Each structure stands twice: as C-alpha cells, then as structure tokens.
Amino acid sequence: MEKIAVIGAGSWGTTIASMSAARVRTVLWARRAELADSINQSRCNLQYLPDLVLPDTLTATASLDEAVSSADVVVMAVPSHGFRDVFTGAAPFLGTNVPVVSLTKGIEQSTLARMTEVVASVAPEHDPRLSGVLSGPNLAAEIVAGQPTASVIAMEDDSAAGEMQQLLMGPAFRVYTNDDVVGCELGGALKNVMAIASGMSDGLGFGDNTRATLLTRALAELTRLGVALGGRPETFAGLAGMGDLIATCISARSRNHQVGFALARGKTLDEIVSEMRMVAEGVKTTQSVLGLAARTGVDMPIANHVGLVLDGEMTPREGVLSLMTREPKAETR
C-alpha cells in the first residue's frame with residue numbers, strides 16, 4: 001500500500017487522514033482550494049482541528065484527480081447529502097479493485113440509499129465486496145487527544161478489511177473487522193436520529209433514568225429497522241450499534257446531541273443549523289429513516305417524534321409526553 005486518498009477535510013476526515021499518514025502517504029481532498037492550501041502551509045487544519053499537527057506524509061489538494069488517481073484505498077468522509085456528487089467526480093479516477101471505505105453516517109434523502117449503495121450506483125463496475133464502512137464510538141476530538149477507543153471496519157472482502165485494520169490500528173485506536181456492512185452502516189446512520197432525542201432530554205433537564213430508558217428503547221428501535229433491512233442483530237449490540245449510540249447520545253461534543261439540546265432550550269432549527277460549522281447528519285437523516293421505516297413496516301416511535309419536533313409540529317416537551325403516554329405494550333414486541 002503506497003497511497004491513501006481521504007475525500008473530505010472535516011474533523012473526522014482529517015483525523016483519519018492523519019492516522020493513515022503515520023504509515024503511508026496520504027492525500028486529503030478539500031472541497032475548497034483555500035482550505036487545502038492552508039493545510040499544506042500550516043501543517044494543520046485550522047478550521048476544524050487546529051491543535052492537530054499533521055504528518056509530513058500528508059498533503060492536501062482540491063483536485064479529485066490528484067487525490068484519487070493511483071490511490072490504493074479511497075476513504076469517503078463527506079456528508080450524505082453531498083456524497084453522490086463528490087463520488088461521481090471521483091469515480092473516473094478510481095480503480096475497479098480499489099477499496100472504498102465510507103465514514104459517512106447518513107442515508108441519502110432522495111433515494112433512501114446507504115452510502116455503499118450510492119457507490120454501487122455511481123460505479124457499477126466497482127467490486128461491491130470492496131465497498132465498506134468504518135464506524136464506532138469515534139468522536140474526533142477525543143481520538144486526536146489520544147484517548148482510547150475502538151472502531152469496526154465492515155467489508156465483505158476479509159483481506160481488504162484486514163489491511164484497513166492494520167493501517168489504522170494503534171495504541172489508542174483498536175480496530176475490529178466485521179462482514180456485516182449493512183448492519184454497521186445502518187447503525188451509524190440511525191443513531192444520529194436518536195442522539196437528537198437524547199439532546200432534547202438533556203435540554204429539558206431530565207436525568208439518568210430518562211437517559212437510560214431512551215438509549216435502551218432507541219437501541220431496540222434501530223435494531224428492529226436494521227434487521228428488517230438486512231443487518232444482523234448482533235451487529236447492533238456491537239461498536240457500530242450500541243457503542244456509537246451511547247457515545248453520540250451522551251456526549252456534548254456530538255453535533256446531533258447539540259441540535260436536540262438547543263431545540264429543547266427554545267432555539268429554532270434554522271437558528272441551530274446556521275450556527276453550526278459542521279453537518280449534524282441526524283437532521284437530514286431523520287426523514288430518510290422514517291421513509292425506510294414506512295417501507296419496511298417497522299414501528300419507530302422515537303424517530304417519529306424527532307421528526308415531528310424537527311418539522312415544528314411538536315415541542316420537545318410535547319414529544320416526551322406523547323412518547324410516554326402511548327398505548328401500553330410488551331417490551332420485546
């Protein structure tokens with residue numbers, strides 16, 4: 001392995017690029033040329049991760065051709081709403097047997113497609129066994145600070161997954177492999193919706209009982225939908241399911257949690273989004289998740305109430321009351 005391309009210079013893309021550059025030459029693609037120039041000159045991403053000094057083996061570019069051509073692995077780290085357009089621009093320079101790893105935790109709104117499905121749609125000649133995801137409880141700021149955590153690389157090709165595992169594994173970043181791409185990908189997308197609900201709970205001043213109840217029922221909810229769409233139940237009890245859910249739902253660093261918290265404190269969604277530098281995937285993913293739930297006939301009351309609040313049809317407090325007063329039912333149904 002001689003070259004890695006990381007497409008997307010936000011906080012998570014920059015973090016992964018820095019980690020891979022410790023072992024192999026890495027090219028980081030930024031949408032804006034001025035950001036790429038700034039990264040090359042300052043040796044850090046001043047906009048997103050100003051405290052992370054980037055290795056000399058990492059260079060930035062605004063050219064997809066320069067980034068992707070001759071790359072041995074392409075890592076996609078762009079938001080779901082821009083994934084198709086960016087990958088469409090990158091695809092002509094991509095080898096058919098080059099692994100593509102998505103860091104994106106979202107669902108495409110117009111098609112309800114997962115990001116690996118978008119890859120297959122845009123590049124049908126690409127080997128689908130070489131499309132995968134990296135997912136887990138991975139808040140970029142904590143990883144940059146060297147705090148221990150773990151992640152999972154999901155890909156059908158065991159050999160390619162193993163190479164990515166070795167590339168990213170470090171003393172504070174443990175990487176597991178998994179061949180359940182569907183489950184790992186859905187876990188990462190669905191938990192963002194639940195994190196908005198958790199932020200609302202915290203913003204309303206509720207305590208640990210409420211948080212524990214919410215996380216437990218959220219895990220049941222995302223597992224139901226994930227299994228209906230082809231994921232394995234055990235995947236949702238792992239790093240890409242429960243692990244990511246817990247981290248995103250309890251951390252004040254989570255952008256989705258921040259959205260829910262601010263909504264509960266009386267801000268409008270437009271105000272919140274306009275103040276955020278980075279994308280909170282759960283805002284755009286909620287309607288996609290509800291579309292998938294409707295398609296499969298899966299009941300998702302928490303996600304449904306998040307959607308009602310985001311649409312302005314309920315306040316966060318009204319949403320909690322509505323959830324708590326639903327018709328009684330058995331826990332496992």
Side-chain angles (χ1 to χ4, degrees), residues 1-64 66-79 86 90 98-105 132-153 160-176 188 239 244 247-248 251 253-255 277-279 281:
M1 195 176 295
E2 298 181 358
K3 175 186 174 184
I4 305 296
V6 178
I7 309 303
S11 59
W12 191 213
T14 301
T15 300
I16 290 296
S18 177
M19 293 165 66
S20 68
R23 289 193 170 96
V24 63
R25 182 170 71 92
T26 300
V27 180
L28 176 63
W29 177 83
R31 185 184 299 274
R32 294 179 289 110
E34 58 269 28
L35 177 56
D37 292 340
S38 173
I39 290 171
N40 289 329
Q41 292 167 12
S42 66
R43 303 313 308 156
C44 65
N45 189 331
L46 293 171
Q47 182 170 354
Y48 295 110
L49 289 173
D51 297 329
L52 175 63
V53 178
L54 300 171
D56 292 337
T57 48
L58 185 152
T59 57
T61 181
S63 166
L64 285 169
E66 182 181 347
V68 177
S69 293
S70 74
D72 298 298
V73 174
V74 172
V75 178
M76 294 292 297
V78 296
V86 174
V98 172
V100 176
V101 179
S102 170
L103 307 185
T104 306
K105 296 177 178 180
V133 299
L134 181 74
S135 194
N138 301 147
L139 296 164
E142 294 184 5
I143 293 173
V144 168
Q147 298 180 20
T149 190
S151 193
V152 57
I153 177 75
E163 287 187 19
M164 286 300 299
Q165 181 183 41
Q166 292 301 317
L167 174 70
L168 297 174
M169 181 88 81
F173 192 71
R174 183 166 180 80
V175 183
Y176 293 84
L239 290 166
D244 200 6
T248 310
S251 175
R253 290 191 173 100
S254 160
R255 295 189 292 276
R277 287 191 306 167
M278 292 179 282
V279 173
E281 281 282 4

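Small disclaimer: the values here were computed from a predicted structure and weren't measured. Count residues from 1 along the sequence.
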Practice problem: Might you work through the side-chain contact (heavy atoms from CB on, under 4.5 Å) test for L54 and S18, ending with a clear yes or no? | Solution: CA-CA 6 Å; L54 300 171; S18 177; 3.9 Å; yes
Quiz item: Where do L168 and L134 land on the side-chain contact (heavy atoms from CB on, under 4.5 Å) test, with the steps shown first?
Solution: CA-CA 10 Å; L168 297 174; L134 181 74; 4.0 Å; yes
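The two atoms that bring G136 and K105 nearest to each other are O-NZ, 3.1 Å, heavy atoms only. Of all the heavy atoms in L103 and G13, the pair that sits closest is CD1-CA, 4.4 Å. Nearest approach of A9 to N45, heavy atoms of both residues: O-ND2, 2.8 Å.
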Side-chain donor-acceptor contacts of residues 67-77 below 3.5 Å, not counting sequence neighbours, with atom names and distances?
from: S69; atom 1: OG; to: D65; atom 2: O; distance (Å): 2.9
from: S69; atom 1: OG; to: D65; atom 2: OD1; distance (Å): 2.6
from: D72; atom 1: OD2; to: E2; atom 2: N; distance (Å): 2.7
from: D72; atom 1: OD2; to: K3; atom 2: N; distance (Å): 2.9

Only pairs under 3.5 Å count here: list side-chain donor-acceptor contacts from residues 141-151, not counting sequence neighbours, and write none if there are none.
from: E142; atom 1: OE2; to: R253; atom 2: NH1; distance (Å): 3.1
from: T149; atom 1: OG1; to: P137; atom 2: O; distance (Å): 2.8
from: S151; atom 1: OG; to: S135; atom 2: O; distance (Å): 2.8
from: S151; atom 1: OG; to: N138; atom 2: OD1; distance (Å): 2.8

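T26 meets the side-chain contact (heavy atoms from CB on, under 4.5 Å) test with I4, V6, A17, S20, A21, V24; sequence neighbours excluded. When the side chain to side chain donor-acceptor pair (under 3.5 Å) test is applied to S254, no partner is found at least two apart in sequence or on another chain. Judged as a side-chain contact (heavy atoms from CB on, under 4.5 Å), and not counting sequence neighbours, the contacts of A160 are P99, L130, M155, D157. Residues passing the side chain to side chain donor-acceptor pair (under 3.5 Å) test with T61 are E66, sequence neighbours excluded.
Sorted by first and then second residue, the salt bridge (Lys or Arg N to Asp or Glu O under 4.0 Å) pairs with a member in residues 9-30 form an empty list; sequence neighbours excluded. Applying the side-chain hydrogen bond (donor to acceptor under 3.5 Å, both in side chains) test to residues at least two apart or on different chains, the pairs with a partner in residues 28-43 are R32-Q47.
Under the 4.5 Å side-chain criterion, counting only non-hydrogen atoms from C-beta, V133 is in contact with S102.
L35 contributes atom CG, which lies 8.5 Å from atom CG of L46 (distance to the nearest 0.5 angstrom). Rounding to the nearest 0.5 Å places CD1 of I39 at 9.5 Å from OH of Y48. Here the CD-CZ distance, from Q165 to R174, works out to 8.0 Å after rounding to the nearest 0.5 Å. The structure places OG1 of T14 at 8.0 Å from CG of L52, a figure rounded to the nearest 0.5 Å.
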